[in-house]
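Data first, discussion second: the structure below is written as structure tokens.
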2 protein chains.
Amino acid sequence: MKLSSDELHARFRRHALRLTRQRAAIYSALASVNSHPTADDLYRTVKQRYPMMSLNTVYYTLSVLCRAGLVQEVNVGHDVARFDGNVTAHHHLICVGCRQIVDVIDEGLNQLAVSRGQARGFRILGHRVEFHGYCAGCQRAMLDVPPRNGQKH
Amino acid sequence: MKLSSDELHARFRRHALRLTRQRAAIYSALASVNSHPTADDLYRTVKQRYPMMSLNTVYYTLSVLCRAGLVQEVNVGHDVARFDGNVTAHHHLICVGCRQIVDVIDEGLNQLAVSRGQARGFRILGHRVEFHGYCAGCQRAMLDVPPRNGQKH
DNA sequence: CTTTATCTAGGAATCATTCCTACATAACAT
DNA sequence: ATGTTATGTAGGAATGATTCCTAGATAAAG
């Protein structure tokens with residue numbers, strides 16, 4: 001969903017963050033989308049309107065927004081970092097074929113806890129659930145093209 | 001726990017993997033520990049007994065073992081990959097201070113599922129739950145040394 | 001014991017991310 | 001409005017985990 005200029009100012013002020021053209025562009029791009037773009041995806045998107053934009057600024061801005069809690073980082077395996085402008089409680093479905101990430105909204109998953117016996121003195125701040133599997137598109141693709149790593153015979 | 005030579009052979013044969021000295025050393029080192037070492041941690045451990053060991057071989061072996069399902073990869077944020085020789089169902093507790101990873105064994109967490117409405121046609125293979133928080137040690141450390149990023153006033 | 005497909009070592013290459021620093025500018029106070 | 005100043009930005013260089021390449025080694029099968 002699109003974000004009003006007033007709302008943007010309010011969010012930045014609430015977290016004592018300076019609002020620059022670059023930050024507005026980066027945060028709006030991320031908050032208006034429900035995919036989970038990489039820093040480079042955002043860079044390319046935002047660079048169309050601000051050709052001087054530096055990839056460095058995208059990284060720096062994302063780190064600031066993460067620390068402020070306006071944005072969160074999501075990961076698939078150990079590869080490129082992906083970012084999520086949705087910081088309301090939710091979890092993820094990850095396609096191990098095409099690596100897309102889809103949001104899962106489920107109140108039950110938000111309520112999970114570790115038993116005291118297992119918690120080993122940790123003070124828990126939050127949790128994440130990731131479901132791994134194949135998306136509909138990748139399932140179809142597997143029917144057309146047989147997998148490479150088939151068993152012998 | 002230590003792994004017998006017979007059991008090692010059996011596991012490798014079961015997955016049609018060649019058993020070399022290097023693979024035995026890497027897999028044994030990982031399977032006998034319940035921390036979650038990085039490739040480099042394993043490299044340094046194993047190099048003590050096999051000084052010719054290459055870091056490359058550690059990476060290659062871990063990728064082979066992961067694909068075979070004898071080992072799994074765990075991640076904290078998007079930084080270095082960590083590996084887990086325990087492939088029975090379990091989840092993790094991650095300290096956001098010192099980044100240590102601790103196992104959580106909880107049958108309830110193994111039973112989670114996504115509702116059909118949220119699953120969007122995915123064929124789910126598995127899931128992971130990560131709890132984030134501060135371990136006992138980091139909580140104590142925070143009492144002694146106040147945090148850097150304190151609010152103004 | 002031979003054969004052969006696969007593994008290993010080591011060096012080079014890749015590439016996401018971070019570091020450095022001079023210049024620019026948002027926010028605050030005057 | 002305008003000046004002041006702490007903070008942000010651009011871009012180039014550095015870092016470091018991981019992957020690629022290749023010639024020699026070796027486990028497994030016959």
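Rounded to the nearest 0.5 angstrom, A:Asp41 CG and A:Arg82 CZ are separated by 6.5 Å. From A:Arg23, atom CZ reaches atom CG of A:Leu65 across 7.0 Å, with rounding to the nearest 0.5 Å. Atoms SG and CD1, from A:Cys135 and A:Ile94 in turn, are 12.5 Å apart once rounded to the nearest 0.5 Å. If you take OG1 on A:Thr57 and CZ on A:Arg21, they are separated by 14.0 Å, rounding to the nearest 0.5 Å. Taking OH of A:Tyr134 as the reference point, atom CZ of A:Arg140 lies at 15.5 Å (rounded to 0.5 Å).
When the shell of 6.0 Å around CZ of A:Arg14 is examined, it contains more than 12 heavy atoms from other residues, nucleotides or ligands.
Which of C:dT17, C:dT8, D:dT18 sits closest to the side chain of B:Ala39 comes down to D:dT18. The A:Leu55 side chain lies nearest to C:dT17 when the options are C:dT17, D:dT9, D:dT18.
D:dA17 atom C1' lies 14 Å from atom OH of B:Tyr43, rounded to whole Å. Between the OH atom of B:Tyr60 and the C1' atom of D:dT26 there is a distance of 14 Å, rounded to whole Å. Between A:Asp79 atom CG and D:dG16 atom P there is a gap of 21 Å when expressed in whole angstrom units. As a whole-Å value, the separation of A:Asp40 CG from C:dT14 C1' is 15 Å. Rounding to whole angstrom units, CZ of residue B:Arg82 and C1' of D:dA17 are separated by 13 Å. What separates CG of B:Asn56 from P of D:dG24 is a distance of 17 Å, to the nearest Å. Between B:Lys47 atom NZ and C:dT8 atom C1' there is a gap of 13 Å when expressed in whole angstrom units. We find that OH of A:Tyr59 is positioned 3 Å from P of C:dT17, with the value rounded to whole Å.
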Item to check | Protein proximity profile, nucleotides 24-30 of chain C - base contact B, sugar-phosphate-only contact S, no contact -, cut-off 4.0 Å on heavy atoms | outcome: -BBS---
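The aromatic rings of B:Phe12 and B:Tyr27 lie perpendicular to each other, with more than 60° between the two planes, well past the 30° mark. Classification of the A:His90-A:His36 ring pair by plane angle, with boundaries at 30° and 60°, yields tilted.
Residues B:Asp84 and B:Asp103 meet the side-chain proximity criterion, which asks for heavy atoms closer than 4.5 Å.
Each end of the helix from C:dC1-D:dG30 to C:dT30-D:dA1 gets its own axis from five base pairs, and the two axes differ in direction by 50°, given to 10 degrees.
Counting any heavy atom pair closer than 4.0 Å across all strands shown, A:Thr61 reaches sugar-phosphate atoms only and no base atom.
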